[in-house]
**Q** 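Sending over a structure as structure tokens; questions will come in a sec.
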Amino acid sequence: MAVKSPDNGSNLAKKRILLGISGGIAAYKAPALVRLLRKADAEVQVVTTRSAEQFVTHAALQAVSGNPVRSDLWDSNAEAAMGHIELARWADAVLIAPATADVLARLAQGRADDLLTTLCLATRAPLLVAPAMNNVMWSHPATQHNVEILRSRGVVVLGPDDGEQACGEFGPGRMREPEDLVADLQSSRTFSSPTSAQADGLSGGERPLQGKRVVVTAGPTREALDPVRYVSNHSSGKQGFAVAAAARDAGADVVLIAGPVDLPTPIGVTRMDVTSALEMHQCAMGQATDCDLFVGVAAVADYRPASPQTQKIKKTRSQSSGWALELLENPDIIASVAAQPDPPVTVGFAAETQHTLENARSKCKRKRLDAIVVNDVSDTSIGFNSDLNAATLVWANGELALAKQSKADLAAELIHQITVLFVEQLADTHPESVSKQR
Ligand code: C5P
């Protein structure tokens, strides 16, 4: 659950943000970012790289942050006031905005050749980066490889946005706007990560799934026709990733089985990447043993091409009379999990366009699920690629509307409801660890 401050409702309240600024033109937006962070009641210390000083002055940053600004590892006065290791320990989160291609490369290599990169190596706090650079630099395989390395280490990559660039070109590479970065921080649940503030006892809160194993499936599956073509769907994976993060926040040990999506792994969650429904089925059946809660958010393809080809299919094959594609039914992953002799609490998701609740109820029964979350996908302002969602949680004896909200908040509400509704089943597996009171 998001850590909300009782005073101003911001989960940034009293949080200590180390803001790293590297030398991109977007650095001129850094004072605005500092102001917004402070408005959200966060404490901010700023560290710049040498080249950032070409774009923004220490005087401006000091004025808005209320703290001296540092860039030099060898500044003995600054080190005497707060040594760099102390500064690394001080941070609840490190945000680098803008993060240039060079800084991403140095972080990926684990270099410590200036104060900022040294702090990133020396801190246990979560690291978030907001890349900003020319679109060609962003798309370069070297930069993409560095970003992949950082993501695989749990670094949260915010953006970049698409649009007009300072160099006059258009494309991906713009730094996300300061207000978007603050909203990203607010919704990232960084501060309830077990690897960060929680470890220091800062975020507190209840952890009703402490000691429980939760498996979540997310994203679409791809069903190959040949090496270059596939059948798939529009699932972005955002809701499934949010459910995994919410289960983690509730204290669970979470495995996230992800279809092909372009999303960072939530910090502290074990991610397993799969492509097809058969791979997801195999992975899920392996992970579902000894699992307490299984949440199937993935939009699994119901069918796969009957004879995927190892070579690219030639157009001539289908020219004269069209091409009837023969399909085979995929195994139903969640129904297979629920049909095990000692199944976990099993919760499915369903996207419906009509007779939403009736269809959801019959699906829940047919697949022997404990509950199902149903989305009305005829409302295009929610679902699929949106950051918002609205749904109804349906179970044998009731239903509950989950109002339109961010996918992260909906996931937190869902996990809370599951821990309340199925407290006994969850407690049965490891009686000592599920709290019955919330
Ligand atoms: O039948 P439908 O696809 O609408 O059901 C949706 C639910 O079933 C989701 O929880 C989805 O993850 C799961 N499912 C599955 N395996 C399939 C198809 C759907 O686990 N082959």
Side-chain angles (χ1 to χ4, degrees), residues 214-224 230-244 246-247 254-261 263 272-289 291 293-306 327-340 343-378 382-384 389 391-396 399 402 407 410-411 414-415 417-418 422:
V214 175
V215 176
V216 180
T217 65
T221 63
R222 278 184 193 166
E223 311 301 322
Y230 55 82
V231 179
S232 190
N233 59 64
H234 291 294
S235 170
S236 65
K238 287 178 184 172
Q239 187 62 76
F241 275 54
V243 168
V254 183
V255 172
L256 171 61
I257 304 174
V261 294
L263 292 174
M272 304 180 82
D273 285 318
V274 295
T275 304
S276 66
L278 288 181
E279 283 171 22
M280 188 175 275
H281 181 254
Q282 194 185 19
C283 186
M285 296 312 285
Q287 292 299 320
T289 49
C291 142
L293 169 65
F294 185 96
V295 191
V297 197
V300 185
D302 291 325
Y303 296 92
R304 67 181 181 279
L327 298 170
L328 291 178
E329 193 170 349
N330 275 324
D332 193 305
I333 299 167
I334 206 164
S336 315
V337 169
Q340 292 181 121
V345 171
T346 310
V347 178
F349 269 67
E352 301 287 347
T353 52
Q354 54 179 350
H355 310 304
T356 317
L357 291 180
E358 284 158 69
N359 286 345
R361 274 198 187 285
S362 73
K363 201 168 278 183
C364 193
K365 210 165 167 191
R366 177 161 41 85
K367 299 191 184 212
R368 295 162 71 181
L369 308 182
D370 294 291
I372 196 158
V373 180
V374 60
N375 280 110
D376 182 350
V377 287
S378 58
I382 56 169
F384 291 128
N389 203 358
T392 307
L393 176 64
V394 177
W395 64 97
E399 62 195 47
L402 304 171
K407 287 183 172 173
L410 188 134
L414 172 65
I415 290 292
Q417 292 302 337
I418 290 171
F422 303 110

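Whatever order the structure lists ligands and atoms in, that order sets their numbers, starting from 1. These numbers were taken from a predicted model, which means no experiment stands behind them. Just so you know, these numbers use all the heavy atoms, side chains as well, and skip hydrogens, waters and symmetry mates.
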**Q** What residues form a side-chain contact (heavy atoms from CB on, under 4.5 Å) with Leu357, not counting sequence neighbours?
**A**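 For Leu357, the residues satisfying side-chain contact (heavy atoms from CB on, under 4.5 Å) (neighbours in sequence not counted) are Val374, Thr392, Val394, Glu399.
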**Q** Salt-bridge test for Arg304 and Glu329: reply yes if a basic N is under 4.0 Å from a carboxylate O, no otherwise.
**A**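 Looking at Arg304 and Glu329, the cut-off is not met.
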**Q** Who are the side-chain contact (heavy atoms from CB on, under 4.5 Å) partners of Ala338, not counting sequence neighbours?
**A**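 Expected list: Thr346, Arg368, Leu369.
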**Q** Taking C-beta and beyond as the side chain, do Val255 and Val216 meet within less than 4.5 Å on heavy atoms?
**A**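 SC-SC contact between Val255 and Val216 ruled out.
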**Q** Polar pairs, ligand 1 vs protein, N/O only, below 3.5 Å.
**A**
{"residue": "ligand 1", "atom": "1 (O)", "partner": "Lys367", "partner atom": "NZ", "Å": "3.0"}
{"residue": "ligand 1", "atom": "4 (O)", "partner": "Lys363", "partner atom": "NZ", "Å": "2.3"}
{"residue": "ligand 1", "atom": "5 (O)", "partner": "Lys367", "partner atom": "NZ", "Å": "3.0"}
{"residue": "ligand 1", "atom": "8 (O)", "partner": "Lys367", "partner atom": "NZ", "Å": "2.9"}
{"residue": "ligand 1", "atom": "10 (O)", "partner": "Gly296", "partner atom": "O", "Å": "2.5"}
{"residue": "ligand 1", "atom": "10 (O)", "partner": "Phe349", "partner atom": "N", "Å": "2.9"}
{"residue": "ligand 1", "atom": "10 (O)", "partner": "Phe349", "partner atom": "O", "Å": "3.2"}
{"residue": "ligand 1", "atom": "12 (O)", "partner": "Gly296", "partner atom": "O", "Å": "3.3"}
{"residue": "ligand 1", "atom": "12 (O)", "partner": "Ala298", "partner atom": "O", "Å": "2.7"}
{"residue": "ligand 1", "atom": "16 (N)", "partner": "Ile333", "partner atom": "N", "Å": "2.9"}
{"residue": "ligand 1", "atom": "20 (O)", "partner": "Ile333", "partner atom": "N", "Å": "3.3"}
{"residue": "ligand 1", "atom": "20 (O)", "partner": "Ile334", "partner atom": "N", "Å": "2.8"}
{"residue": "ligand 1", "atom": "21 (N)", "partner": "Pro331", "partner atom": "O", "Å": "2.9"}

**Q** Going by the rule side-chain hydrogen bond (donor to acceptor under 3.5 Å, both in side chains), which residues pair with Asn233 if we only count those two or more places apart in sequence or in a different chain?
**A**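 By the side-chain hydrogen bond (donor to acceptor under 3.5 Å, both in side chains) rule, Asn233 matches no residue at all.
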**Q** If you count the non-hydrogen atoms of other residues, nucleotides and ligands that lie under 6.0 Å from CD in Gln340, is the total more than 12?
**A**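 Atom CD in Gln340 is crowded, with more than 12 foreign heavy atoms closer than 6.0 Å.
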